Structure formats: C-alpha cells, structure tokens
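Below: the structure, in structure tokens.
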Amino acid sequence: MRIIILRNCISGSVIKERLTPALNNYIRQLSGMGNNLNQIARKANREGYSPIRNEYLYLAEKIDNIIDLIGDDGEDSKR
C-alpha cells in the first residue's frame, strides 16, 4: 500500500532545478534593498518625501536592475 502511495506522489511530481548561486545572490541583495526601502519610507513619513527623493530614486533603480537580472536568469550582460 505504501509503495503505491509513493509511486503516485513521485509520478505527479515536477523536478525543478536549483537556483544558481548568482540568482541566490540577487535575491539576497533584493532582500537587503527591501529593508532599506522600508527605512526610507519611515524617514519619508517623518521628514516628508522631498528631502529623501534622491535616495528613493537611486534605490528604486538598483532594484529594477536586479529584477531585470533575475528575469534574465542571472546573466549579467553588462560584464
């Protein structure tokens, strides 16, 4: 009975390849940038948006670049 259950589980499974070290690195970077973005949002709530606009724009561009790299499976065409 257990063998039949195991076969059913295995036959319905999809094997996915692991993330590459580069993709794992980009995901870690995004996590850190997300924390920075939260800090910027708190600062904007305290001081207003105008004083920290450049900080936000800089970080938003970096986040966009990393998301593009992840979309390209971690291949950095700029190198």
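From a predicted model like this one, the values you see are computed outputs, not experimental measurements.
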Go through the structure and list residues passing side chain to side chain contact (heavy atoms under 4.5 Å, CB included) with [X], not counting sequence neighbours.
X   : value
I67 : L30, I63
R42 : N38, Q39, R46
Y58 : K62

- Task: Please identify each residue that fulfils side-chain hydrogen bond (donor to acceptor under 3.5 Å, both in side chains) with E55, with sequence neighbours left out.
- Result: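 Testing E55 for side-chain hydrogen bond (donor to acceptor under 3.5 Å, both in side chains), a comparison that skips the adjacent residues, returns K43.
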- Task: Starting at CG of L69, measure out to CG of D64 and round the result to the nearest 0.5 Å.
- Result: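 Answer for the CG-CG pair, L69 versus D64, is 11.0 Å.
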- Message: Just verifying a value: how many Å separate Y26 OH and I70 CD1, rounded to the nearest 0.5 Å?
- Response: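 So the gap between those two atoms works out to 8.5 Å.
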- Task: Check each of N35, N45, I52 against I40 using the side chain to side chain contact (heavy atoms under 4.5 Å, CB included) test, and report the only one that passes.
- Result: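 Exactly one candidate clears the test, I52.
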- Would you name the heavy atoms of I66 and M33 that are closest together and state the gap between them?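 Smallest interatomic distance, heavy atoms only, reads CD1-CE, 3.5 Å.
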- Task: Step through the shown structure and confirm whether more than 12 heavy atoms of other residues, nucleotides or ligands are within 6.0 Å of CD on E61.
- Result: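 No, because the 6.0 Å sphere around CD of E61 holds 12 heavy atoms or fewer from other groups.
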